[in-house]
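Hydrogens, waters and symmetry mates play no part in the numbers below; they use all other heavy atoms, side chains included.
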Amino acid sequence: MTESKTELLAWVNDLLQVNYLRIEQCGSGAAYCQIMDTIYGKSLRDVAMAKVKFNSRHEYDFLNNYKILQCTFNNHKIDKDIPVERLAKCKLNDNLEFLQWLKKFWDSHRPSVTTYNAAARRSSRERSQQSGSPAASISPMDATPATRSPGSARRKSAPPPRTRSATPEPLAGSSTSSPEQERKVKELTKQIMDLKTIGDTLERERNFYYLKLRDIEVLILARLDKDKKTDPILRKIQTILYSTEEGFVSP
């Protein structure tokens with residue numbers, strides 16, 4: 001029997017120890033990755049959970065998650081096409097359909113003994129981002145220590161003048177800067193503008209090549225969705241697109 005969206009949402013929240021409010025939130029791909037991790041987390045070809053990005057609102061992070069999911073499917077020879085283009089748009093019907101399939105797959109392949117700790121399997125880097133994003137509300141308790149950190153108490157007790165101790169204090173009665181100071185200000189301003197120009201250029205280049213790779217990926221997914229017979233060349237290209245360096249963690 002096919003579960004309703006309410007039943008599926010309750011299952012996801014209970015299994016992954018999250019607090020999703022809508023099925024559409026699964027469109028980031030993070031939940032799908034961790035559902036697979038509940039099945040294969042102890043295998044030698046487990047899901048790269050340290051690379052999965054929870055609580056992100058950016059499509060390029062969604063694609064990173066789907067690359068990890070596709071690698072898991074490939075490693076375990078799961079013959080199921082992942083409609084990344086549709087799922088990443090976070091629409092209800094597409095994600096509901098995929099989640100229904102995933103629930104059936106989980107029912108058939110879940111381990112007999114369940115000792116899975118979902119919160120522990122998520123990396124500490126991802127847990128530290130939960131307090132700043134309401135998208136998934138992974139664990140509300142993780143947000144409270146930030147308001148009581150010892151570092152914040154030390155910062156409150158530190159005298160304000162210490163933060164400016166490295167900057168020479170102006171002489172009493174002096175209202176103008178020295179020529180040397182003006183020269184340093186101009187030099188630092190120029191360095192900042194140069195760095196900003198370099199950063200803008202790198203960002204444009206990144207977006208340019210990202211969009212080209214995205215177009216290639218969309219064409220491949222559309223062809224695979226249309227033709228159920230697996231094209232080995234397209235599969236090989238898809239594997240290259242989804243591959244990551246060993247030990248690489250997305251920023």
Side-chain angles (χ1 to χ4, degrees), residues 3-58 61-76 78 80 82 84 87-88 90 92 94-146 242 244 247-251:
E3 287 86 353
S4 66
K5 64 179 182 180
T6 302
E7 293 171 329
L8 286 172
L9 194 59
W11 169 69
V12 170
N13 286 333
D14 179 66
L15 179 66
L16 304 184
Q17 300 172 28
V18 295
N19 188 27
Y20 281 11
L21 302 178
R22 302 182 307 277
I23 293 292
E24 293 92 318
Q25 289 174 265
C26 295
S28 70
Y32 299 143
C33 288
Q34 192 161 18
I35 290 172
M36 297 302 294
D37 189 64
T38 64
I39 301 173
Y40 300 114
K42 294 183 179 181
S43 73
L44 295 177
R45 298 175 293 180
D46 60 354
V47 184
M49 286 300 299
K51 301 179 183 180
V52 177
K53 305 200 75 173
F54 285 86
N55 299 329
S56 177
R57 299 175 183 272
H58 304 293
D61 287 332
F62 295 176
L63 297 180
N64 171 77
N65 293 339
Y66 283 112
K67 288 177 182 179
I68 296 171
L69 184 64
Q70 183 65 62
C71 286
T72 302
F73 276 36
N74 292 343
N75 289 339
H76 295 280
I78 300 173
K80 169 68 176 177
I82 304 174
V84 178
L87 295 176
C90 298
L92 172 61
D94 295 320
N95 282 278
L96 179 60
E97 180 181 349
F98 188 77
L99 192 58
Q100 288 173 337
W101 173 87
L102 195 55
K103 176 61 165 63
K104 291 179 180 179
F105 183 88
W106 185 86
D107 286 337
S108 301
H109 296 82
R110 62 180 176 179
S112 56
V113 179
T114 304
T115 57
Y116 185 80
N117 188 333
R121 283 292 289 166
R122 291 190 282 269
S123 69
S124 59
R125 175 177 62 85
E126 298 299 342
R127 291 199 300 270
S128 67
Q129 296 174 351
Q130 292 166 10
S131 59
S133 173
S137 300
I138 302 300
S139 177
M141 292 184 294
D142 292 339
T144 55
Y242 289 170
T244 58
F248 172 79
V249 177
S250 298

Check your understanding: Do the side chain of Gln34 and the main chain of Ala118 share a donor and acceptor less than 3.5 angstrom apart?
Key -> yes
**Study point:** Residue list, side-chain hydrogen bond (donor to acceptor under 3.5 Å, both in side chains) with Gln100, at least two apart or on another chain
**Key:** none
Review point. Nearest 0.5 Å, what's the OG-CZ distance between Ser28 and Arg57?
Key: 11.0 Å
Check your understanding: Does the pair Ile39 and His76 meet the rule for a side-chain contact (heavy atoms from CB on, under 4.5 Å), with working shown?
Key -> CA-CA 11 Å; Ile39 301 173; His76 295 280; over 6 Å; no
Point to revise | Side chain Asn65, main chain Val52, donor-acceptor under 3.5 Å | key: no
Exercise for review: Please find out if less than 6.0 Å separates the ring center of Phe62 from that of His58.
Suggested key: no
Practice item. Name the orientation class of the two ring planes belonging to Phe98 and Tyr32 (parallel below 30°, tilted from 30 to 60°, perpendicular beyond 60°). Key: perpendicular
Exercise for review: Count the heavy atoms of every other residue, nucleotide or ligand shown that sit under 6.0 Å from NZ of Lys5, and state whether that count exceeds 12.
Suggested key: no
Point to revise | side-chain contact (heavy atoms from CB on, under 4.5 Å) evaluation trace for Met36 with Phe105 | key: CA-CA 9 Å; Met36 297 302 294; Phe105 183 88; 3.8 Å; yes
Exercise for review: Calculate, to the nearest 0.5 Å, the distance between atoms CG and CG belonging to Leu15 and Leu8 respectively.
Suggested key: 11.5 Å
Point to revise | Check: Tyr116/Asp37 side-chain N/O donor and acceptor closer than 3.5 Å | key: yes
Exercise for review: Mind running side-chain contact (heavy atoms from CB on, under 4.5 Å) on Thr38 and Leu16 for me, showing each step along the way?
Suggested key: CA-CA 9 Å; Thr38 64; Leu16 304 184; 4.1 Å; yes
Practice item. For residues Glu3 and Glu7, report the shortest heavy-atom separation together with the two atoms involved. Key: CA-OE1, 3.3 Å
Review point. If we only count heavy atoms from C-beta on, is the Leu69 to Val47 side-chain gap below 4.5 Å?
Key: no
**Study point:** Sub-4.5 Å side-chain heavy-atom contact between Ile35 and Trp11
**Key:** yes
Study note, to complete from the structure: Rounding to 0.5 Å, atoms NZ (Lys67) and CD1 (Ile82) come to a distance of 13.0 Å
Exercise for review: Check step by step if side-chain contact (heavy atoms from CB on, under 4.5 Å) holds for Lys103 and Asp107.
Suggested key: CA-CA 6 Å; Lys103 176 61 165 63; Asp107 286 337; 3.0 Å; yes
Point to revise | For Asp14, side-chain contact (heavy atoms from CB on, under 4.5 Å) partners two or more places apart | key: none
**Study point:** Closest non-hydrogen atom pair, Val12 against Val18
**Key:** O-CG2, 3.9 Å
Exercise for review: Please tell me if the side chains of Asn117 and Arg121 come closer than 4.5 Å, counting only heavy atoms from C-beta onward.
Suggested key: no
Check your understanding: How long is the span from the CG atom in Leu99 to the CG atom in Leu9, to the nearest 0.5 Å?
Key -> 8.5 Å
Exercise for review: State the CD-CG distance between Glu97 and Leu87, to the nearest 0.5 angstrom.
Suggested key: 9.0 Å
Study note, to complete from the structure: Residue set satisfying side-chain hydrogen bond (donor to acceptor under 3.5 Å, both in side chains) with Tyr66, at least two apart, ordered chain then number -> none
Check your understanding: Would you find a donor on one side and an acceptor on the other, under 3.5 Å apart, between the side chain of Asn95 and the backbone of Ile23?
Key -> no
Check your understanding: Which value, rounded to the nearest 0.5 Å, describes the distance between Gln17 atom CD and Asn19 atom CG?
Key -> 12.0 Å
